[in-house]
There are 2 protein chains.
Amino acid sequence: MDDISASPPGHTEGRRGRRGSGKVRITDVAKLAGVAPITVSRVLNAPSSVAAETLRRVQEAINRTGYVPNMLAGGLASSRSHLIAALVPTIASPVFQATWEALTETFSGAGYHVTFGQTGYGGAREDELIKTMIARRPDGIVLTGIMHSPSGRRRLIEADIPVVETWDLTPTPIDMLVGFSHEHIGEAVAKYLHGKKKIRIAVITAADERARRRAKGLATGAARLGIATILAPEVPMFVAAAPGTLGSGRKGLIDLLARHPEVDAVFCSSDMLALGVMIEAQARGIPVPERIAVVGYGDLNFAVDTVPALTTVSVDGPAIGRLAARCIIDRAQGRSVAEPIVDVGFSIVERASA
Amino acid sequence: MDDISASPPGHTEGRRGRRGSGKVRITDVAKLAGVAPITVSRVLNAPSSVAAETLRRVQEAINRTGYVPNMLAGGLASSRSHLIAALVPTIASPVFQATWEALTETFSGAGYHVTFGQTGYGGAREDELIKTMIARRPDGIVLTGIMHSPSGRRRLIEADIPVVETWDLTPTPIDMLVGFSHEHIGEAVAKYLHGKKKIRIAVITAADERARRRAKGLATGAARLGIATILAPEVPMFVAAAPGTLGSGRKGLIDLLARHPEVDAVFCSSDMLALGVMIEAQARGIPVPERIAVVGYGDLNFAVDTVPALTTVSVDGPAIGRLAARCIIDRAQGRSVAEPIVDVGFSIVERASA
DNA sequence: AGGGCCAATGGTAGCGCTACCATTGATTTG
DNA sequence: CAAATCAATGGTAGCGCTACCATTGGCCCT
């Protein structure tokens, strides 16, 4: 009872039975520590409910054996997988980076692991992905944008898992929501550029639904102010796979100037596009912002270092991540979520390019 | 036996017993289809072993009930989680993007889901992360770079899970390896710049171990060629968290020119840094490549569109991803892996900047 | 025709963990 | 001082699935 006899750090003692991984299990640790398996479980999941001396003994046994709990088994038994599924267009998009970082960080602090599933910007694999995600029984699901597909919505609702939609706004979320209005951004940019005496505003955008809504907002705002907009056709290259690239920004400006030489301002759907526009402008000797003003979106870390420094739309990405995580954690702990719909807003960061 | 009577698409029939998710289980589907649970399991996991008519009936039952298998239970029972853990510095780094994309794609095609764990560039949380990853019993683990920490190596070996190390080379991998030599890259760049009559080469690098080894390779190569190098101290900002930024590239060049005005070439540890260098050079009226040549690393999608177009080191990222996935898939299927150590090499893409 | 073989399906017994209730002994309370 | 309370621990019975080994019936072979 008080003798913790060391056993050789368990392996190759002939795999037991017909199945099993042949690895250390909770019962092995329990035996070594002279307690019941459930006590080891408590040491791991609710250490405050175990006596100090017992805690010590069990922890020593864990170290001695190199025990690593099997979360598949734990999750199955407790219906808590400690897993969060995040559906994102692509993990590499710098626009969302800060959000996923904060999300991961916040969840990690609460004992959850975030796993990302990539839907692609078209959202084609979305439905299939939701199914495979639900198959792992996550404790929460975070979506990028609003889930539009009815089948996807149904699946999520039937799965009975807390869901947070992010980076957008709708009066009818599936469950919870942390985002902002893309239409309002467009309108605000129109107003901003109007204030800068720009009257012929164009848009260069990647084929992204939310970007398109920002463009629509711009058109609405401009119309209201009585100024012209030129909604350029989508930049044809690089559009599908990823957020806009430097190259498509350059091509966008070339195309735009060919068709509408009178343009005096461009609203880009990402800072990378905006950088491309400015590089092309510089190559052609077009002064920014005097001749053409450029506004980006995302406020990426390089925006402050471009020449001229980029005026851009900034969204508090980390806040979205933190709040989304909070929503799910609160829900998981049985607390009711005070604000199931949060608008984090946005701001226009004025620099030199517009 | 032949009557598939519809039951109301199961929910809210009062959660059974004291536990359980209250959701459709495999037995519910089996009952509805008039078969044993194991047959439903086979429909899902080995459909070719089931008669066509049975297959049809079971699939209809699955659709009717909206059944989504519980992979926690399945994984526990079969010791196959269909999960792959990938440890990466940060998911957002554009340098690795193509690799993770190909990796995810290849695994996805074989029925695996890839989950990413972020170690941070310092690798501080690495050990802890490995533990939590192993707790989910992945069928394979993919590492970015070589695992150096002895405790990490031990854990991985004891876990008895296939491991692939990537993006680097070592004669003593834990298990399998797909990468290339960073030293050789440095040497090749030295040779390349020497061929361009550059004799005072500097390095601007992020605080990344592999980047530092490329710099070392450059020094080695330059020394062998009898030309000078200036190994600049690390750019002090943005260094820890992420790959180099545009801003740190600009700062790097400023710093370098202040201390070593004679510099005639700069090797950057990432294309983003290189872009920053070129922007700063342009702002100062320094002609690239005539006065200073710039070489990047990564061959990111914007490299071809910078002004001047960026000469950079290209690595076949997708190949690394595909091959790493193949290694693990082969191993999982009991096949022996023909080449457990693969050197994918690299190339220098000559454009205008050097 | 009898044996062997194979394709298709099922019964049973776990996988490794935790929820749910005991149970124990020590401590408090009226 | 008996009853009630509490902190600490344990026994039992699953969680939902699949490995393993039958079992069944049809087909081929000699």
Side-chain angles (χ1 to χ4, degrees), chain A residues 1 10 15-31 33-58 62 65 67-83 134-137 139 159, chain B residues 1 10 15-31 33-58 62 65 67-83 134-137 139 159:
Chain A
M1 200 73 62
R15 345 228 108 172
R16 57 193 73 51
R18 54 202 176 116
R19 291 198 290 189
S21 56
K23 285 219 284 294
V24 184
R25 293 152 310 174
I26 202 168
T27 50
D28 300 323
V29 176
K31 227 166 280 173
V35 297
I38 185 77
T39 300
V40 178
S41 173
R42 278 195 268 257
V43 167
L44 263 23
N45 302 314
S48 65
S49 70
V50 177
E53 166 59 13
T54 312
L55 196 71
R56 206 194 49 67
R57 280 224 316 282
V58 171
I62 289 173
T65 53
Y67 172 66
V68 179
N70 183 331
M71 295 188 78
L72 298 178
L76 178 60
S78 66
S79 294
R80 306 177 84 262
S81 61
H82 292 274
L83 191 75
I134 290 177
R136 300 210 184 263
R137 301 296 188 264
D139 292 337
Chain B
M1 202 70 63
R15 345 227 106 172
R16 57 192 74 50
R18 53 198 176 121
R19 292 198 290 188
S21 56
K23 287 218 284 293
V24 185
R25 292 154 310 175
I26 203 168
T27 50
D28 300 323
V29 176
K31 227 166 282 175
V35 297
I38 186 77
T39 299
V40 178
S41 173
R42 279 194 268 258
V43 167
L44 263 23
N45 302 314
S48 65
S49 70
V50 177
E53 166 59 12
T54 312
L55 196 71
R56 205 195 47 70
R57 279 224 317 281
V58 171
I62 288 173
T65 53
Y67 171 64
V68 179
N70 183 332
M71 294 188 79
L72 298 179
L76 179 60
S78 66
S79 294
R80 306 178 85 262
S81 60
H82 292 275
L83 190 75
I134 291 177
R136 300 213 183 261
R137 300 298 189 265
D139 293 338

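Order of the sequence lines fixes the chain letters, A, B, ..., with proteins taken first and strands second; residue numbering starts at 1 for each chain.
Base engagement by Ala73(B) is indicated by at least one non-hydrogen atom pair under 4.0 Å involving a base atom.
A distance of 6.5 Å separates CD1 of Ile26(B) from CG of Leu44(B), quoted to the nearest 0.5 Å. For the atom pair CG of Leu72(A) and CZ of Arg136(A), the computed distance is 8.5 Å after rounding to the nearest 0.5 Å.
Distance Arg136(B) CZ to dC15(C) P: 22 Å, rounded to the nearest Å. Following rounding to the nearest Å, Leu44(A) (CG) and dC17(C) (C1') show an atom-to-atom distance of 11 Å. With rounding to whole Å, Arg42(A) atom CZ is found 8 Å from dT9(D) atom P. Per the geometry, CG belonging to Leu76(A) stands 12 Å off P belonging to dT18(D), to the nearest Å. For the pair Ile26(A) CD1 and dG14(D) P, the computed distance is 20 Å after rounding to whole Å. A straight line from CG of Asn70(B) to P of dC17(C) spans 17 Å, rounded to a whole angstrom. In this structure, Arg57(B) places its CZ atom 14 Å from P of dA8(C), rounding to the nearest Å. Spacing between atom CG of Asn45(B) and atom C1' of dG16(D) amounts to 13 Å, rounded to whole angstrom units.
Evaluated for a side-chain contact (heavy atoms from CB on, under 4.5 Å) with Leu55(A), the options Ser48(A), Pro47(A), Ser49(A) yield exactly one hit, Pro47(A).
Under the 3.5 Å distance criterion, the side-chain polar atoms of Asn45(B) are matched with a main-chain donor or acceptor of Ser41(B). Within the 3.5 Å criterion, the main-chain N or O of Gly74(A) finds a donor-acceptor partner in the side chain of Ser78(A).
For the pair Ser49(A) and Pro37(A), both in contact range of DNA chain D, the more 5′-proximal nearest nucleotide belongs to Ser49(A). For Met71(A) and Ala36(B), each mapped to the nucleotide of DNA chain C holding its nearest heavy atom, the one lying further toward the 5' end belongs to Ala36(B).
At its two ends the helix from dA1(C)-dT30(D) to dG30(C)-dC1(D) runs along axes set 30° apart, each axis drawn from five pairs and the angle rounded to 10°.
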Check the pair Arg42(B) / Val58(B) against side-chain contact (heavy atoms from CB on, under 4.5 Å), numbers first and verdict last. CA-CA 10 Å; Arg42(B) 279 194 268 258; Val58(B) 171; over 6 Å; no
Step by step, would you call Val35(B) with Arg57(B) a side-chain contact (heavy atoms from CB on, under 4.5 Å)? CA-CA 9 Å; Val35(B) 297; Arg57(B) 279 224 317 281; 3.8 Å; yes
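For Val50(A), the listed nucleotide lying nearest its side chain is dT9(D); candidates were dG11(C), dT9(D), dC15(D). With dG11(C), dC17(D), dG10(D) as the candidates, the nucleotide lying closest to the side chain of Arg25(B) is dC17(D). The side chain of Thr39(B) has dG10(C) as its nearest neighbour among dG10(D), dC17(D), dG10(C). Relative to the side chain of Ala51(B), the nucleotides dT9(C), dG10(C), dT18(D) differ in distance, and dT9(C) lies closest.
In this model, the phosphate group of dC15(C) is not approached by any side-chain N or O of Ser79(B) to a distance below 4.0 Å at OP1 or OP2. Contact annotation: Thr54(A) side-chain N/O to dT9(D) OP1/OP2 distance is under 4.0 Å. Distances shorter than 4.0 Å separate some side-chain N or O of Ser41(B) from OP1 or OP2 on dT18(D).
Under the 4.5 Å side-chain criterion, counting only non-hydrogen atoms from C-beta, Met71(A) is in contact with His82(A).
Scanning atom types as modelled, no donor and acceptor separated by under 3.5 angstrom connect the side chain of Arg137(B) and the base of dG16(C).
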